[in-house]
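The structure appears below as structure tokens.
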Amino acid sequence: MCVLDISEYFGDASGGIRSYLLAKRAWVGTQEAFRQVLVVPGAADAVTTGPRTRMYTLRGPTIPMNPQYRLLLSTRTPRRIIEHERPDLVEVGSHLLVPWIARIANRRARAPLVWFYHGHLPRLLSPDARRSSVQRGLERAAWAYVRRLARGCRAVLVASRYLADELRAEGVEQVERVPLGVDLAQFHPGRRARRAELRHRLGVPEGRVALYAGRYAREKRLDLVLEAWPEVERRTGIRLALVGGGPRERELRRHPYGARVTWLPHQGDREVLADLYAAVDLYVAPGPYETFGLSALEAMACGTPVLSVDRGGVAEQVRASGAGGTYPFDSVDGLVAAAVALAERDLPALGASGRAFAEAHHSWDAACTALFATYRRVLDR
């Protein structure tokens, strides 16, 4: 079986989608029965070949207001790639131009299309609890767009039950749940044995520390974390470290608590990121609309418990694993109470539960095996 993946979300500073595509690529390289072709944008055209894999990088401009990603604009080159590679199935991994480009490029080949729903567009456009009429209108329009894209696909893949339930409730059919995985060798609690050295090298302060790693974007609700953390620190002594960057960085740094935060740059090196997860005591996942929450799972795999908002894909993992706690959506007081309660528990024991959960359910081998079994079911329809 040959699967062609095409996505816009593959920048050098991107996170979960890039990790998923590269993990799939590495797994396919060990499997005699499968082949993967990857089509992504980049700064220049290139072709990279590996065992049973080929990656086409097509030159494209950066996305306005989101420069870590680039656009795929050509339809002719993807068409040539599809007709040359003759995939059994095409997986679309984004919701901007790529779904339409893939449809046009696939007209003659007519390979079945699936859509991996990585980004929750209606919630990205309307993320606030108290929404204006304009935001509600945007959300309705976004759901209509999602339904239209889904109708052109043989299946819509999602990584969490939460997302599957939301899509089905909005009339999206043919939803298939395929949880993602984590590199259990790279993200490992054995790194915690070097915590003192790691903290010194990475700039993590002494004492107990909570970490967030990701984009500083509106939907991540980091403003709520900054509002709550002065009281959390006063009652528990836990400091806050933020790793990443994004459109709200300047605004967040100006927050009254910003001077107490340890601000670390985006880490493109996965080894450094694994060291960071292992160097801290707690991981904070405040985004209520995470489609899965790969960074939280990576933290669990490193033996670090997770404090999550009570909705979205991360909350699902925290509840299933018992490796942390959740707080009520959009509640500063609730976040404080949950963080204080979690700080009083045996954090190393919770971290061990998280590691056991990752080992039992979320190796990349298990995730990719389930994914390709899903592909076979889709092709048999």
Side-chain angles (χ1 to χ4, degrees), residues 15 192 195-196 198-267 272-288 290 293 295-300 302-310 312 314-315 318 323-345 347-348 350-351 354:
R192 301 177 76 83
R195 292 182 76 193
L198 292 177
R199 287 190 173 201
H200 176 74
R201 175 168 58 84
L202 298 171
V204 177
E206 296 181 358
R208 294 203 293 180
V209 176
L211 174 75
Y212 164 84
R215 292 187 68 241
Y216 302 156
R218 182 183 179 190
E219 69 272 9
K220 301 299 185 181
R221 297 312 311 269
L222 286 167
D223 53 338
L224 195 79
V225 176
L226 293 179
E227 286 295 317
W229 218 261
E231 182 65 11
V232 173
E233 183 180 350
R234 187 186 71 80
R235 294 172 62 179
T236 68
I238 298 177
R239 296 282 300 276
L240 182 65
L242 301 182
V243 180
R248 297 198 69 192
E249 180 168 358
R250 184 175 299 178
E251 176 186 348
L252 293 171
R253 282 179 177 269
R254 288 200 300 261
H255 189 278
Y257 185 70
R260 292 287 297 168
V261 173
T262 299
W263 300 89
L264 299 172
H266 167 79
Q267 299 296 332
V272 174
L273 195 57
D275 283 344
L276 276 167
Y277 291 144
V280 300
D281 303 275
L282 189 65
Y283 186 81
V284 182
E290 299 291 347
S295 60
L297 182 63
E298 290 169 345
M300 286 185 193
C302 289
T304 302
V306 176
L307 174 65
S308 170
V309 66
D310 66 353
V314 179
V318 170
T326 63
Y327 61 87
F329 173 69
D330 211 37
S331 171
V332 171
D333 291 341
L335 196 163
V336 171
V340 171
L342 189 58
E344 293 172 350
R345 298 176 65 186
L347 295 184
L350 293 176

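Listed by chain and residue number, nothing satisfies the salt bridge (charged side-chain N to carboxylate O under 4.0 Å, His left out) test with Arg208 (two or more places apart in sequence, or in another chain). Residues that satisfy the side-chain hydrogen bond (donor to acceptor under 3.5 Å, both in side chains) test with Asp223, not counting sequence neighbours, are Arg221. By the salt bridge (charged side-chain N to carboxylate O under 4.0 Å, His left out) test, Asp310 is found to be paired with no residue, residues two or more places apart in sequence or in another chain being considered. Partners of Arg192 under the salt bridge (charged side-chain N to carboxylate O under 4.0 Å, His left out) rule, at least two apart in sequence or in another chain, do not exist in this structure. With sequence neighbours excluded, the residues that form a salt bridge (charged side-chain N to carboxylate O under 4.0 Å, His left out) with Arg195 are Asp281.
The shortest non-hydrogen separation linking Val309 to Ala315 is O-CB, 3.3 Å. In terms of heavy atoms, Val225 sits closest to Pro286 at CG2-CB, 3.6 Å. When all heavy atoms are compared, the tightest approach of Leu264 to Gly203 is CD2-O, 4.3 Å. Closest approach of Val318 and Gly325 over heavy atoms only: CG1-N, 3.7 Å. The shortest heavy-atom contact between Ala213 and Leu273 is CB-CD1, 4.2 Å. Pairing each heavy atom of Val306 with each of Ala296, the nearest pair is CG2-O, 3.8 Å.
With hydrogens and angles disregarded, a donor-acceptor distance shorter than 3.5 Å links the side chain of Gln267 to the backbone of Pro265. Under a 3.5 Å cut-off, the side chain of Arg239 and the backbone N or O of Arg260 do form a donor-acceptor pair. Side-chain N or O atoms of Tyr257 include none that pairs as donor or acceptor with a backbone N or O of Ala228 at under 3.5 Å. Remark: side-chain polar atoms of Tyr327 are not paired, donor with acceptor, to backbone N or O of Asp330 under 3.5 angstrom.
Ring geometry, Tyr216 versus Trp263: the interplanar angle exceeds 60°, so the pair is classed perpendicular (tilted spans 30 to 60°).
The structure places OH of Tyr277 at 14.5 Å from CG of Leu198, a figure rounded to the nearest 0.5 Å. Expressed to the nearest 0.5 Å, how far CG of Leu335 lies from CD of Glu231 amounts to 11.5 Å. Once rounded to the nearest 0.5 Å, the distance linking CG of Leu202 with CG of Leu211 reads 10.0 Å. One distance of note links OG1 of Thr304 with CG of Leu276; it measures 10.0 Å at 0.5 Å rounding. Note that the CD atom of Glu290 and the NZ atom of Lys220 stand 3.5 Å from one another [nearest 0.5 Å]. In this structure, the separation between CG on Leu307 and OH on Tyr212 is 13.5 Å, given to the nearest 0.5 Å.
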Listed pairs under 3.5 Å, donor-acceptor, residues 241-251 side chains, sequence neighbours left out:
| from | atom 1 | to | atom 2 | distance (Å) |
| --- | --- | --- | --- | --- |
| Arg248 | NE | Glu251 | OE1 | 3.2 |
| Arg248 | NH2 | Glu251 | OE1 | 3.4 |
| Arg248 | NH2 | Glu251 | OE2 | 2.5 |
| Glu249 | OE2 | Arg253 | NE | 3.0 |
| Glu249 | OE2 | Arg253 | NH2 | 3.2 |

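Looking at Thr262 and Val204, their side chains never come closer than 4.5 Å, going by heavy atoms from C-beta outward. The shortest distance between side-chain heavy atoms of His255 and Val261 does not fall below 4.5 Å. Contact annotation: the side chain of Leu240 approaches that of Leu226 to within less than 4.5 Å [non-hydrogen atoms, C-beta and beyond]. Side-chain contact between Arg201 and Asp275: present, with at least one pair of heavy atoms (C-beta onward) separated by less than 4.5 Å.
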| said: Set out, in order, the CA-CA distance, both residues' side-chain angles and the distance that settles side chain to side chain contact (heavy atoms under 4.5 Å, CB included) for Leu342 and Leu350, then state yes or no. | reply: CA-CA 10 Å; Leu342 189 58; Leu350 293 176; 3.5 Å; yes
